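Note sheet for the following structure.
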Amino acid sequence: MTSIEPGILPLVEALNATGLVQTFSSCEGHFDADGKGVPGRAFVDRGHAYVRFIPAPDMPTEHIERLLGNWLLTYKKKHGLMPVRVVGYKLFTPVDDEIDVTFVLELHPFNRFDPAPTRRADIDRAARQLANYVGDNV
């Protein structure tokens with residue numbers, strides 16, 4: 001198992017603690033100065049953080065959709081769009097002859113021109129704040 005990056009860990013733990021979803025992929029975001037990604041890794045757009053998850057077994061997808069909406073609204077009401085914009089969506093991915101359905105929570109720095117340390121601090125704080133709302137709104 002690969003370790004979970006510390007900036008996104010509170011949100012991953014909070015989502016899994018609900019027992020309603022199972023996370024399977026995450027990234028804390030990488031805000032290096034040259035914009036070329038993480039040293040030693042291929043370039044990928046990681047100017048934002050994310051967590052991907054699926055409903056727990058026997059959990060209706062509709063229930064997860066409502067929860068995701070509630071988490072997003074709670075965050076926006078308390079923090080607005082600045083300094084971090086939080087979005088969530090249902091992702092449809094063709095796999096073989098089927099469609100794989102997952103959910104994604106993304107945390108984007110509102111101002112991509114802020115210095116990297118500012119974006120890092122903003123995303124880390126937003127992940128902790130969102131983790132609190134996930135635990136309170138299940």
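All of these numbers come straight from a predicted model, not from anything done at the bench.
Taking CG of Leu73 as the reference point, atom NZ of Lys78 lies at 12.5 Å (rounded to 0.5 Å). From Tyr75, atom OH reaches atom CG of Leu81 across 9.0 Å, with rounding to the nearest 0.5 Å. Taking CG of Asn132 as the reference point, atom CG of Asp136 lies at 6.5 Å (rounded to 0.5 Å). Atom CG of Leu105 and atom CZ of Arg52 lie 11.5 Å apart (nearest 0.5 Å). Between atom CD1 of residue Ile54 and atom OG1 of residue Thr61 there is a gap of 10.0 Å, rounded to the nearest 0.5 Å. Note that OH of Tyr89 is 3.5 Å distant from CD of Glu106, once rounded to the nearest 0.5 Å.
Closest non-hydrogen pair, Ala49 versus Ile8, comes out as CB-CD1, 4.0 Å. Between Gly88 and Leu72, the shortest heavy-atom distance links the atoms N-CD1, 3.6 Å. Nearest heavy-atom pair, Ala14 versus Val134, reported as atom, atom and distance to 0.1 Å: O-CG1, 3.7 Å. Contact detail for Ala56 and Gly19: the closest heavy-atom pair is CB-O, 3.4 Å.
Annotation: side chain of Leu11 is not in contact with side chain of Leu9 (no heavy-atom distance under 4.5 Å). Tyr133 places none of its side-chain heavy atoms less than 4.5 Å from the side chain of Lys77. For the pair Val51 and Val104, the minimum side-chain heavy-atom distance is 4.5 Å or more. Between Arg85 and Pro109 there is no side-chain heavy-atom pair separated by less than 4.5 Å. By the 4.5 Å heavy-atom criterion applied to side chains, Trp71 and Leu15 are counted as neighbours.
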Report, one line per pair, each donor and acceptor closer than 3.5 Å where one atom sits in a side chain of residues 20-27; sequence neighbours left out.
from: Thr23; atom 1: OG1; to: Asn16; atom 2: OD1; distance (Å): 3.3
from: Thr23; atom 1: OG1; to: Asn16; atom 2: ND2; distance (Å): 2.9
from: Ser25; atom 1: OG; to: Tyr50; atom 2: OH; distance (Å): 3.4

Pairs of donor and acceptor atoms involving the side chains of residues 90-103, under 3.5 Å and at least two apart or interchain, shall be tabulated with distances.
from: Lys90; atom 1: NZ; to: Glu65; atom 2: OE2; distance (Å): 2.6

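Under a 4.0 Å N-O distance rule, the pair Arg119/Asp122 does not qualify as a salt bridge. In summary, Asp124 and Arg120 engage in a salt bridge, as defined by a charged side-chain N under 4.0 Å from a carboxylate O.
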- request: List the steps and the verdict of side chain to side chain contact (heavy atoms under 4.5 Å, CB included) for Phe31 and Ile123.
  value: CA-CA 10 Å; Phe31 308 106; Ile123 291 293; 3.7 Å; yes
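Of the possible donor and acceptor atoms, one in the side chain of Thr74 sits under 3.5 Å from a partner among the backbone N and O of Asn70.
When only modelled atom types and interatomic distance are considered, His48 and Glu28 share no side-chain donor-acceptor pair under 3.5 Å.
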